[in-house]
> 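Here it is, the structure, as structure tokens.
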Amino acid sequence: MEKPSNTLKKIYHPSKEVKKRANVKDYEPLYQESISNREDFWAKEAKRLEWFRKWDKVLDASNHPFYEWFQGGRINIVHNALDRHQKNATRNKLAIIWEGEPGDLRTFSYHALHREVSRFANVLKSMGARPGEVITIYMPQIPETVIAMLACAKIGAIHSVVYGGFSVEALAERIEDANSRILVTADGGFRRGKAVGLKSIANEAMKRSPTIEVCITVKRTGEECYMENDRDFWYHDLMSMPLACSDCATVETDAEDPLFILYTSGTTGKPKGLVHTHGGYAVYTASTFRYVFDIKPEDRFWCAADPGWVTGHSYMVYGPLINGATMMMYEGAPNHPYPNRWWQMIEKYGINILYTSPTAIRGLMRFGPSWADRHNLSSLRLLGSVGEPINPEAWKWYYEVIGKGRCPIMDTWWQTETGGHMITPLPVIPLKPGSATKPFFGNEMAIVDDRGNEVKTGEEGNLVIKNPWPGMARTILGDPDRFVEKYWEKYSEQKWYLAGDSARKDEDGYYWIIGRIDDVIKVSGYRLGSAEIESALVSHPAVTEAAAIALPDELRGNIIHTTVVLRQGVEAGDKLSEELKAHVEHEIGPIARPAFVVFTDALPKTRSGKIMRRVLKARALGQDTGDLSTLEE
Ligand code: WT7
């Protein structure tokens, strides 16, 4: 990202109207209070939720880094997201407005959603689903995805949503790691006017990881798909049986019981299943949603992410529903059939808050402002951005063309690991385009060098979080050592969390995120690991070794560049390079498709055998390769 000072120095102050309706009028005093009495702050926030039993202790920090929040408390996030709303007027309010890509529309009131979730929870129980077991959900963006997630949580099962854009190996690996017995999927979904098959991919994945005993398929596209006797069931068949009745008790879980796992990419090939809980996660997503998006009962909120990523979990499903908000969900591509699709929906449904990614904004910006200008976007009052740093040009376009200079942009920095927003503006915080601004309540950050000394103002360093927060991931499923090693080992003395991003802080205390310091690659805001791409390449018979790196790209933030060493006797060429790209796409998914495949005889490695990706990057960019003294002969 370019230096902020080069493009836009302007500070955007909140308007009178924004200040007037803001849930928090003044950030600083509440922030000071929240960090000097962290536990009191979070206890107060937790009291907004309904607990079956109140906690004994807000925070137990005795077993660092395995923190426990609201210890002794009994709660279920679904009780807070659905059940308790049945007792008041929220019952009649829309929970979900959903539009399919072909233009079909479905809506669910809180009453209807509660009913569908209860019915599907009974279906899951009839299939033997038990509290504590992991149920995998591999779906397009349809309401049944949300229903399935909530149904799992309602009965105390743990959901593991695998993004519908992932493919065979990515899905198989996640099913296997979680030892999942039940899979919920769909025949497919619509994307750019075409039916994209999911069940066929699920079938191939189930062959590779045979733990699945029951697979429930939602009919969405109506395509032909193979169904296996005794294993495969149609969702609509099960939901039409008497067992799918709308009466289903919500299980009383412990505050620290796992709610879901979500896999994310790290440095090694194996994705990490981060564990989030019923109690702390509910409190954290509810509070961040309420303060950052300044939610009001009359609002219609649209998070244009996929439920398969943490953004979808926290700000399509749990944050909005706990707050009794109305959320919009859309199935397909932003520019289908024309680049005005989103703006048309904002006008049609009267959306007030739009939360999306810099990539999506850059993608729509390409088509020019006239597509947005054809629509009345006056319902919008707040905008949001997430996933990668937003470049000032895209920020300005979003602010002016979409927000008409009236809507503050909440550039929210967070991670799958953090559960919710960590550095983020509130509507009343003056904005600097490209900066995520300040820490959310309760959080203290710092920019430090490798030894943990704070770097000078304006200098780049490692971003660390100095305190525990309720939404933090508790561990990596089945691998607590890796959890310690990845996030807590580097600054173990100080007990700081290593975020994996480099950043700087300016003279006003504003944070500017620069990018990842590890082998995580962000393509269009999606998180991939170089090792994942490398193992997909090596699984092809022609390849013996591979290295993947990120190269900067104007539209997608980054693109994937790969270098491969071929097996002896295999001939390099354009045909093979296309075949390898398609292979990665088939194994991991379209987002992982390399933009470049370069053939080489040997990869640059250190004497200890580590691939020097830095050298590959410099070469690919035609830059000086720097110090090569550690390079192996
Ligand atoms: C990484 C986490 C959090 C939901 C989606 C991403 C990058 C995220 C921002 C932002 C600059 C950002 C970081 C972070 N990132 N938001 N507002 N500004 N960078 O979750 O897939 O776990 O990725 O996304 O590099 O570490 P994720």
Side-chain angles (χ1 to χ4, degrees), residues 60-69 131-138 152 157-163 166 169-183 205 208-212 254 256-281 308-310 313 414-419 464-465 468-492 495-501 516-521 527-536 538-539 587-588 610:
D60 181 353
S62 59
N63 187 21
H64 166 87
F66 301 99
Y67 293 90
E68 291 195 5
W69 283 89
E133 88 169 74
V134 179
I135 296 179
T136 304
I137 299 174
Y138 178 61
C152 291
I158 303 163
H159 58 73
S160 164
V161 182
V162 179
Y163 169 55
F166 274 135
E169 185 57 24
L171 176 59
E173 229 171 28
R174 286 160 175 75
I175 289 173
E176 189 182 317
D177 184 78
N179 204 3
S180 194
R181 209 174 53 78
I182 301 177
L183 173 67
R208 290 193 198 177
S209 53
T211 57
I212 300 291
D254 193 275
E256 281 293 310
D257 276 346
L259 163 65
F260 67 85
I261 53 172
L262 192 57
Y263 285 90
T264 193
S265 303
T267 329
T268 70
K270 205 173 152 229
K272 307 177 271 201
L274 291 154
V275 178
H276 285 283
T277 59
H278 270 267
Y281 176 82
W309 300 92
V310 75
H313 283 55
W414 57 297
Q415 309 176 303
T416 308
E417 291 86 344
T418 70
V464 295
I465 305 169
W469 64 101
M472 66 200 303
R474 299 299 192 264
T475 187
I476 292 172
L477 185 77
D479 204 349
D481 293 346
R482 195 167 167 210
F483 179 71
V484 175
E485 181 205 314
K486 281 287 146 239
Y487 307 109
W488 304 97
E489 211 157 81
K490 187 163 173 88
Y491 299 109
S492 58
K495 300 189 176 170
W496 293 342
Y497 169 86
L498 175 72
D501 279 332
R516 299 290 309 189
I517 45 174
D518 52 14
D519 296 324
V520 166
I521 304 180
R527 179 162 161 184
L528 295 162
S530 43
E532 261 175 297
I533 300 159
E534 289 157 7
S535 17
V538 174
S539 74
E587 293 297 300
I588 309 177
K610 265 184 132 177

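Just so you know, these numbers use all the heavy atoms, side chains as well, and skip hydrogens, waters and symmetry mates. Just so you know, residue 1 is the first one in the sequence shown, and it goes up from there.
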> Between His313 and Gly308, what is the shortest heavy-atom contact and its length?
CE1-C, 4.3 Å

> Could you tell me whether the side chains of Tyr67 and His64 share a donor-acceptor contact shorter than 3.5 Å?
yes

> Looking at OG1 of Thr136 and CD1 of Ile158, how far apart are the two atoms once the value is rounded to the nearest 0.5 Å?
11.0 Å

> When you look at Tyr497 and Met472, which way does the side-chain contact (heavy atoms from CB on, under 4.5 Å) test go after all the steps?
CA-CA 10 Å; Tyr497 169 86; Met472 66 200 303; 5.9 Å; no

> Any chance you could lay out the side-chain contact (heavy atoms from CB on, under 4.5 Å) test for Ile521 and Ile533, step after step, and finish with the verdict?
CA-CA 10 Å; Ile521 304 180; Ile533 300 159; 4.3 Å; yes

> How far does CD1 of Ile212 sit from CD1 of Ile182, to the nearest 0.5 angstrom?
8.5 Å

> Quick one: closest heavy-atom pair of Ser209 and Ala172, and the distance?
OG-O, 3.2 Å

> Quick check for you: to the nearest 0.5 Å, what is the distance between Glu133 atom CD and Cys152 atom SG?
8.5 Å

> For Val134 and Ser160, work out which heavy atoms get closest and say how close.
CG1-CB, 3.7 Å

> Name the residue from Lys270, Arg527, Glu532 that meets the side-chain hydrogen bond (donor to acceptor under 3.5 Å, both in side chains) definition with Ser265.
Glu532

> Strictly under 6.0 Å, is that where the ring centroids of Phe66 and Phe483 end up?
yes

> Would you sort out whether Phe260 and Val161 count as a side-chain contact (heavy atoms from CB on, under 4.5 Å), showing the intermediate values?
CA-CA 8 Å; Phe260 67 85; Val161 182; over 6 Å; no

> Looking at Trp469 and Thr418, would you say the former's side chain and the latter's main chain have a donor-acceptor pair under 3.5 Å?
yes

> Mind checking what makes salt bridge (Lys or Arg N to Asp or Glu O under 4.0 Å) contact with Asp479, not counting sequence neighbours?
none

> For Tyr487 and Leu274, work out which heavy atoms get closest and say how close.
OH-CD2, 4.0 Å

> Show the numbers, then the answer: is there a side-chain contact (heavy atoms from CB on, under 4.5 Å) between Val464 and Tyr491?
CA-CA 9 Å; Val464 295; Tyr491 299 109; 3.5 Å; yes

> From the options Glu68, Glu256, His276, select the one residue that forms a side-chain hydrogen bond (donor to acceptor under 3.5 Å, both in side chains) with Arg474.
Glu256

> Might you point out which heavy atoms bring Leu477 and Ala178 nearest each other, and give the distance in Å?
CD2-CA, 3.9 Å

> When rounded to the nearest 0.5 angstrom, what distance separates CD1 in Ile135 from NE2 in His159?
10.0 Å

> Measure the spacing between CG of Leu262 and CD of Glu417 and express it to the nearest 0.5 Å.
9.5 Å

> Which of these passes ring pair (Phe, Tyr, Trp, His ring centres under 6.0 Å) with Trp309: Trp414, Tyr263, Phe166?
Phe166

> Please report the closest heavy-atom contact between Gln415 and Ala499, naming both atoms and the distance.
NE2-O, 2.6 Å

> For the atom pair CZ (Arg516) and OG (Ser530), what is the distance rounded to the nearest 0.5 Å?
11.0 Å

> Treating Ser535 as the side-chain partner and Ala531 as the backbone partner, does any N or O pair qualify as donor plus acceptor under 3.5 Å?
yes

> Using modelled atom types and a 3.5 Å cut-off, is there a donor and acceptor pairing between side-chain atoms of Thr211 and backbone atoms of Glu176?
no

> What residues, two or more places apart in sequence or in another chain, satisfy salt bridge (Lys or Arg N to Asp or Glu O under 4.0 Å) together with Lys486?
none

